[in-house]
Enquirer: 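To start, I am sharing the structure in question, which I have written as structure tokens.
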Amino acid sequence: MLKNKPHPLTSNRPPSPSSMERGMNSDTSRKKGVRLLFPLLILGAFVCAAILAPVIAPYDSNAIVNIETIAPSTQHLFGTDDLGRDIFSRAVYGARISLTVGLVAVSLSLIIGILLGALAGYFGGWLDSSIMRFVDIMLSFPSIFLILAIQAMLTPNIYNVMLVIGLTSWMGVARLVRGEYLKIRELQYVEAAQAIGCSHWRIIFRHILPNAQAPIIVAATLGMAGAILTESSLSFLGMGVQPPTPSWGNMLMDAQAYMRDAPWLAIIPGILILITVLSFYLIGEGLRQALDPRKDYAGS
Amino acid sequence: MKTFLWRRIIQFIPLIFGVSLLSFFVMHLAPGDPTSLFTNPNIDPRELARIRANWGLDQPIYLQYFYWLGNLLRGNLGTSYTTGQPVLQEILARLPATLMLMIPAYILTLLITIPLGVICAVKKDSWFDNLITIFSFAGMATPSFWLGLVLMLIFAVQLHWLPAVGISEISATNQSMLARGIDFLRHLILPLSTMVLLSLAGITRYQRAAMLEVLNQDYIRTARAKGLPERMVIYKHALKNALIPIVTIIGLSLPDLFGGAFIIETIFAWPGMGRLGVMAIFQRNYPLIMGIVVFSALLIMLGNLLADLAYAWVDPRIRYAKK
Amino acid sequence: MYKNAVVIFLFLLVCLTGCAGSGSLSAKPIKLPDPAQADLNGSLILSLGGEVSIINPILLTDTSSSAIEGTIFTGLTTINEKLEVVPDLAKSWDVSADGKIWTFHLRSDVKWHDGQPFTADDVVFTFNSILNPKVNSVRRSDFIIDGEPIKFRALDNLTVQAFLPRPFAPFLTHTGMSLIPKHLLEGKDINTAEFNRRPVGTGPFKFKEWVTGDHVIVVRNDNYYLGKPKLAQIIFKIIPDENSMLVALEAGEVDSAGVPPKDYRRLKAKEGLNVFEYDALTYTYLAFNLANPKFQDKRVRQALAYATNKEQLVKLIFKGLASPAYAPSVPISWAYSDAVEKYPYNPEKARQLLKEAGTENLSFTILTNQGNKEREKAAVILQQQFEKVGIEVNVRVMEWSALLKIINAPKGPKDFDAVLMGWSLGLDPDAYSIWHSSQYPVGFNFIDYRNTAVDRLLARGRTTLNQAERKKIYAKLWQIIAADQPYLFLWYPKSIEAIRERVGGLSRPGPAGLMLHLEKIFVTK
């Protein structure tokens, strides 16, 4: 469930955009707008909450404010957890952590994926085949083993969680970008650019990249959702964001033990993860439909 | 065809080499060693050093790798540190449980998702399409450890309909084949449902997209224009072609056949490979880790090869030469 | 679209709260079954939290394998409910006046599960195998005293002698080591023998079946020398997830499971279950790296002790099912003494001591291992408590292997500030390996604690055989160590075990567990 590619069974992820881009759509633009607006508003609210965490959170996220585990009330909007910490405050700070993990991990996977994919697709030849063999090697591991092994090497802390998720999720992006470059480099404007003596570097990043951005942006939104889920899977193994720092993943994991006595402990981070992941997927889908160049000939 | 096959199989060799090299060094660079597990104030650390030496862990890493590689070439995957048993035997002991969970899960997922995807595509933007979208995304966004526990609490503890953990009722070993089969199915239901619920979204979305694309193709329009009944258009012409990409997705999901279900295996105490691998990593049981990685990498490559062949077979537009 | 999501969630919410259950939570008295109703064809189903690795007493290192081994194998001696060493395969023993030669007289009515007679040769073979450097046994150090191995010799078929290089009080507790058959293992590579998957012992149960990763079955040994067991078989079911194990217990799929403190009240009130709580031979501590300048001043460590509200800690984490610790020994040990400085919670005094030591703005990092929720929680609570006296604490939870890599570093100074861990103690109070200055940097005195008085007492403690005298030595030792506070002693946890009411024949709850006399355990229909 941890790689940026489609797994029908174990994955919590949808097919990557490369596999979805064949999908045509016929949404009217009004519907599209609405579909994008809702998730954007929700995510916007979450991002604001994350940035303004110290202002919004009524308590310090680690402070023991009440000796008992108490249910949601007016004083503690989401209740308190097993150590008597205010869950609302933890959820707000957790948003910070979870969204940052997603953002950094995805940026990293994009950087690696775009760079390697672009080099492979643009230059082709031995460079292409060696990069793609490396991608094959990375894809030959059951992803959880790869993540755990690297995580063990780095020791879990919040930066390494981002690093590990990034380092093990770039392969899909690389394949996708390579595919785009293979297509685009045959186009006339690239030949023209080569003819007037533009450097390869310039062609790769200034001329081709902007034209390949649509599937990359979609991949990024989907990747954000995936990274947040991956962090919660890692928390299950105790290899995610380490306590006492709250993340939605480790809050949910810690709540497992209290499912009978204090179900709100699990429900709150569960809903937050669900809404966030759903929003990212919907944005990804919305963007794909909006950005897909072939939408022009999508009939019916 | 034959040369294509041979070429692909020969390509396995550098891949396996790369996989083993990468995992060997990543694992050995990770801090700690297999004797960490024994730490106890009554055990002299010098004893641990002795045991490490017995395992050859006092040698330089590159030498250890060559020993391992040499043994591999002779078909010997080594001996697990924790059990003293051959690694291959350990893996083969776990494989059946994994397959008995994963294969039904694959089949069931496909049986549910393909029709769902097709219906969603045909009835695009209907309330049904929207409901399935929400439901499948909700499944996708729910961590498996959480869903598994909820199902267990409801069906095993509250309702007492199904067993919570394990692969069989152990005390029932001397019953008839039929009774044992039913017992196994009862144990299978909860982990299987968890897996299927979590993975509905993936293939449903994919199938929906593939179907939509096909429905927009010229030949479908032609078929419609010819006045063929809509049902015929969809099931005879469109579906056949919309199924092609599913082959790819199955090939791509192979790696997680071996490790991806580890959370479900842990929660439901299912004795599969995922648990074995995760435990081996935590224990720094190097021979077992390497064995599992190489074994699964090999099967994954074979699976991908089969997927490619199947792809070429269902879609005549693709020729081996392309690869 | 979003309405649907809300509906689905409300549905899940209802399901969950339905599970949360209702009804009163009043504790229910222990109800034990009538032995007359014992089902002689009954199976007991026990749960194991970890994978079983190797069922050979001299090689195993994990608790799951050890639980199974205990039903199949027996040793020269065993322990009773009071943790005293009592005869088992040895009927009796005597020790020479100089404390160096121990003679064990064996029972003559014992057979291995394959029918071969048990003899003195098996005893000698077992101990020699443990001492063999090629055998990967971590027990070897139990039989080596100051670098010299103990020698074992069979005087005749039923008499074994052990020759110690010097008197060594903890030796007797090590004779509980389970014995392995010479006739099946001689000349084989014990590390990889097939025997380790299909063991043969002398105990009340015989090995029957092991399905890797799933379960192990042992069946009644009709010829057990202490009488025919009442259970037909014991099934050990492996359930790696703690939450799932409780679910399996409540669903009636296993007969027994360990209970986390938070579930104590709920399970205690549950029909059909008996919940027992008892002391364990472990303590949890925060160890300060004394090689680190931050902690070299004794006053700083004492200040931290005063700043720690152990009552709050125990209440928050264990809901009272643990007691505060003040010394490196456990209350149930005969060598325990609480005549030590206890540093009652006093943040004022803590601040004052820190000031005297000139350490204001102290900040340090607590390391602990992942996978132990109690320790993680304790680290967080300590962080809060220390903050009140102006100390800034970071908490780092590390993977076990990675943490050990730091504290087991072969050379000092080791790279840490403070570590939150626990020790499981042996039956003997000897704590040489933890506190003696020779056990640094290699050894378990990983904090570099040096106190010549402590060194002397430790050496005297382990060579003195008279228990009354040893008790005095250890009382003094705990007093000195508590005064130095190289560790901040935190708590003694209680073991909590839930067993279904159909299981009877249990021994009195204690650190030796509830099933000390396995042959007497029974289940009703």
Side-chain angles (χ1 to χ4, degrees), chain B residues 30-33 35-48 50-51 54-55 79-80 82-85 90 93-94 97 130-131 133-135 138 145 148-150 152-154 156-158 160 163-168 170-171 173 266-269 271-272 275-276 279 282-284, chain C residues 1-2 4-5 8 12 15-16 18-19 43 45 51 53-54 59 61-62 133-134 136 138-142 144 191-193 196-197 211-215 217 235 237-241 243-245 247-248 250-251 253 399-402 404-406 408 423-426 431 433-434 442-444:
Chain B
D33 69 70
T35 57
S36 309
L37 296 170
F38 312 154
T39 298
N40 171 321
N42 306 314
I43 295 168
D44 189 330
R46 277 168 282 253
E47 296 303 323
L48 302 185
R50 173 180 62 83
I51 292 173
N54 283 354
W55 284 332
T79 305
S80 159
T82 48
T83 64
Q85 304 298 312
E90 299 264 297
R94 294 296 192 106
N130 283 338
L131 185 72
T133 303
I134 290 287
F135 189 71
F145 55 85
L149 193 61
V150 170
M152 246 193 256
L153 287 175
I154 296 173
V157 178
Q158 288 302 114
H160 281 286
V165 294
I167 191 168
S168 66
I170 302 153
S171 41
T173 38
T266 306
I267 294 205
F268 290 101
R275 252 167 69 196
L276 186 71
M279 185 185 64
F282 280 120
Q283 295 179 335
R284 305 285 188 272
Chain C
M1 233 168 152
Y2 293 98
N4 293 331
I8 290 166
L12 280 176
C15 293
L16 269 177
C19 294
S43 316
I45 307 175
E51 308 280 342
S53 57
I54 192 162
L59 294 174
T61 52
D62 59 299
K134 286 280 161 232
N136 296 331
V138 295
R139 297 276 138 231
R140 187 164 179 258
S141 48
D142 290 350
I144 295 183
N191 296 328
T192 59
N196 304 336
R197 271 197 75 88
V211 174
T212 311
D214 193 51
H215 69 265
I217 302 180
I235 297 169
K237 206 164 176 168
I238 299 162
I239 306 176
D241 187 74
N243 298 318
S244 305
M245 194 189 278
V247 167
E250 292 185 59
E253 289 172 45
E399 199 199 350
W400 183 237
S401 301
L404 284 183
K405 170 102 174 165
I406 293 177
N408 283 346
W423 286 133
S424 290
L425 302 175
S433 59
I434 300 176
V442 176
F444 288 109

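The model shown is predicted, which means the values in this text are computed figures rather than measured ones. Quick note: numbers below take in every heavy atom, side chains included, and nothing from hydrogens, waters or symmetry partners. A, B, ... follow the sequence lines: proteins, then strands. Residue 1 opens every chain.
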Enquirer: Which one wins on heavy-atom pair count under 4.5 Å against chain C: B:Pro163, B:Ala97, B:Ala93?
Expert: B:Pro163
Enquirer: Taking side chain as everything from C-beta outward and backbone as N, CA, C, O, which of these in B:Thr79 sits under 4.5 Å from a heavy atom of chain C? Side chain, backbone, both or neither.
Expert: side chain
Enquirer: Quick check: closest heavy atoms across B:Val165 and C:Ala248, and the distance to 0.1 Å?
Expert: CG2-CB, 3.8 Å
Enquirer: Holding to salt bridge (Lys or Arg N to Asp or Glu O under 4.0 Å), I want the full list of residues that pass it with C:Glu250, two or more places apart in sequence or in another chain.
Expert: A:Arg260, C:Arg266, C:Lys270
Enquirer: Quick check on C:Ile406 against chain B: is it the side chain, the backbone, both or neither that has a heavy atom closer than 4.5 Å?
Expert: neither
Enquirer: Measure across C:Pro240 and B:Arg275 and return the closest heavy-atom pair with its distance rounded to 0.1 Å.
Expert: CG-NE, 3.5 Å
Enquirer: Donor-acceptor check, side chain of C:Arg140 to backbone of B:Glu47, threshold 3.5 angstrom: yes or no?
Expert: no
Enquirer: For side chain to side chain contact (heavy atoms under 4.5 Å, CB included), just list the numbers for C:Asp62 and B:Gln283, CA-CA rounded to whole Å, side-chain angles, deciding distance to a tenth of an Å, and then say yes or no.
Expert: CA-CA 11 Å; C:Asp62 59 299; B:Gln283 295 179 335; over 6 Å; no
Enquirer: When you compare the side chain of B:Leu149 with that of C:Val247, does any pair of heavy atoms fall below 4.5 Å?
Expert: yes
Enquirer: By a 4.5 Å heavy-atom criterion (distance strictly below it), what part of C:Ala193 contacts chain B: side chain, backbone, both, or neither?
Expert: backbone
Enquirer: Between C:Val138 and B:Leu48, does the side chain to side chain contact (heavy atoms under 4.5 Å, CB included) criterion hold? Intermediate values first, please.
Expert: CA-CA 7 Å; C:Val138 295; B:Leu48 302 185; 4.0 Å; yes
Enquirer: Just to verify, what does C:Arg197 make a salt bridge (Lys or Arg N to Asp or Glu O under 4.0 Å) with, not counting sequence neighbours?
Expert: none
